[in-house]
Structure formats: structure tokens, C-alpha cells
Amino acid sequence: MKSFKDAVINRRTIYSLGKDIPVLESEIIAVVERMTEKVPSAFNMQSARVIVAMGEHHEDIWEITKSALKKVVPEDEFAKTETKINRFLAGYGTILFFEETETVNNMQKKFPDYAENFPVWAAQANGMLQFAIWTELENIGLGVNLQHYNPLIDKEIKKSFDVPKNWDLVAQMVFGEMLQPAGKIESIPVKERVKVFR
């Protein structure tokens, strides 16, 4: 296991994925459950919801996505889109992230002075949860990438996974065997992004 610092530094977007994962499914589920329980949220709102899909359920997500995209992508451009979706399909599983809107609405009613902030705070907490799960999955040897095909796929995902009406899809995290490492990325100099006052 890497240190927290090393885990954060090594977390990268991995697109080339396979199904021969180096960990047990139970380890993946344990990561998702542990991070969902422990990642903080404003006012302890706990509005994030998660579905872990593996096997044919994982494949269903990307077949749904492919079908939805076929309706909106021009026919002469669809081959490129299909190739991209097939890369996600080749992974081992997908984690679907949702926001449970009833909790957010109830917090807005309970604390009206902060009402406009609760959706923002919920999104921030969901982002922290995504980052925590992503980092921990990479830490146990998996390749991971994060996608956002919502709201294009929302209706069919809800139908296929019997998702409650008050769960809003916000992201799809694909994971699997890491077939190729991430490429180089350009970073803005940190001194341009961090100001220190002493």
C-alpha cells in the first residue's frame, strides 16, 4: 500500500482497461463502502449514493450509453464514438455516482438561510467521494477513469438498475486491469495556482 501522498500523486486517468484484475471483487466493494461511509459532507448530509456494477451489469451501462449516443451522433462519426465506448466496455466494472435529492431538499427546508448552498455542498461532497474511491482503487492496483454521460443515459440507467426517482446520476467511474499507464499531462506551474500569505 502506498502512502496517502503517493496514492494521490499516482492517481491518473487510465483508458486502456481489461478484465484480468489483480484484486478480489470483495476488495473493490470494501473500498466503495468504506469511502462512502467515511468521506465527509456538509452538515453530515450524506446525500451521495453509489451503485457498483460488474459483469453483465457493467456491460449494460455501456450498451445503454452506446445506444443513446447512436441517436445523437452523426452516422459518419459514430465509428469513432463506438470505439471510445468499447474501451469502457472492456473494463471490469463501473461505479455509478448519484445525488439523493430528497436529502438535499430537506436540508434546504431545515436551514433556509443556506438553502442555495446545499446543492453546491452536495456536489462538492460527491466529488470528494469520487476522488477518494478513485485514489483507493488505483492504490490497490486498478486502472480507473471517470465519465459523464448523464443526462443522456439517465432514464435507461434508472430503468435498468431500478434506481429510485430521487437519485440523480452525476458520474460513471470505469475500473479494470491497467493495460497501459497514463500518458504525460501538462500542468500549470503550481506557483500560478497557489498564493501563500505569511
Test your reading of the model: is there a side-chain donor-acceptor pair from [X] to the backbone of [Y], 3.5 Å cut-off?
X	Y	value
Asn139	Thr135	no
Arg12	Ile9	no
Ser160	Glu156	no
Lys158	Val163	no
Thr101	Asn166	yes
Asn10	Asp6	yes
His148	Gln172	no
Glu27	Leu24	yes

Atom [atom1] in [X], atom [atom2] in [Y]: separation rounded to 0.5 Å?
X	Y	atom1	atom2	value
Met35	Leu129	CE	CG	9.0 Å
Ile157	Asn150	CD1	CG	9.5 Å
Glu177	Ile21	CD	CD1	9.5 Å
Asp162	Trp167	CG	CH2	10.0 Å
Glu136	Leu142	CD	CG	10.5 Å
Glu56	Glu63	CD	CD	12.0 Å

Heavy-atom pair with the smallest gap, counting every atom of [X] and [Y]:
X	Y	value
Ser41	Ala125	CB-CB, 3.7 Å
Trp62	Ile85	O-CG2, 3.4 Å
Gly91	His58	O-NE2, 3.0 Å
Thr103	Arg49	OG1-NH2, 4.0 Å
Asn126	Phe97	OD1-CB, 3.7 Å

Check this for me: does any side-chain nitrogen of one of Lys70 and Glu82 sit under 4.0 Å from a carboxylate oxygen of the other?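 Salt bridge flag = no for Glu82 with Lys70.
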
For the pair Glu138 and Arg11, find out whether any cationic side-chain nitrogen is under 4.0 Å from an anionic carboxylate oxygen.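 Looking at Arg11 together with Glu138, the answer is no, because their closest N to O distance does not fall below 4.0 Å.
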
Would you call [X] and [Y] a side-chain contact if the rule is heavy atoms closer than 4.5 Å?
X	Y	value
Lys66	Thr81	no
Leu17	Leu179	no
Gln147	Phe88	yes
Leu96	Val50	no
Phe175	Ile28	yes
Ile64	Glu59	no
Lys109	Phe118	no
Asn145	Ile14	no

State whether the number of non-hydrogen atoms from other residues, nucleotides or ligands found under 6.0 Å of Phe111 atom CZ is greater than 12.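 More than 12 heavy atoms, drawn from other residues, nucleotides or ligands, come within 6.0 Å of this atom.
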
Centroid-centroid distance, Trp134 to Phe131, less than 6.0 Å: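 Judged by ring-centre distance (under 6.0 Å), Trp134 and Phe131 do not meet the cut-off.
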
Hey, what's the ring geometry for Trp121 with Phe43, parallel, tilted or perpendicular (30° and 60° as the breaks)?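 Correct class here is parallel.
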
Show your reasoning for whether side-chain contact (heavy atoms from CB on, under 4.5 Å) applies to Met54 and Ile29. CA-CA 11 Å; Met54 295 179 276; Ile29 295 165; 4.1 Å; yes

Does any donor atom in the side chain of Thr36 or Glu33 lie under 3.5 Å from an acceptor atom in the other side chain?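 Short answer, no.
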
If only side-chain N and O atoms count, and only distance matters, is there a donor-acceptor pair under 3.5 Å linking Glu99 with Ser47?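 Yes, a side-chain donor-acceptor pair sits under 3.5 Å.
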
Going by side chain to side chain contact (heavy atoms under 4.5 Å, CB included), Pro119 matches just one of Gln108, Gln124, Met107. Which one?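 The passing option is Gln108.
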
Step-by-step side-chain contact (heavy atoms from CB on, under 4.5 Å) determination, Asn86 to Leu89: CA-CA 5 Å; Asn86 284 342; Leu89 192 58; 3.8 Å; yes

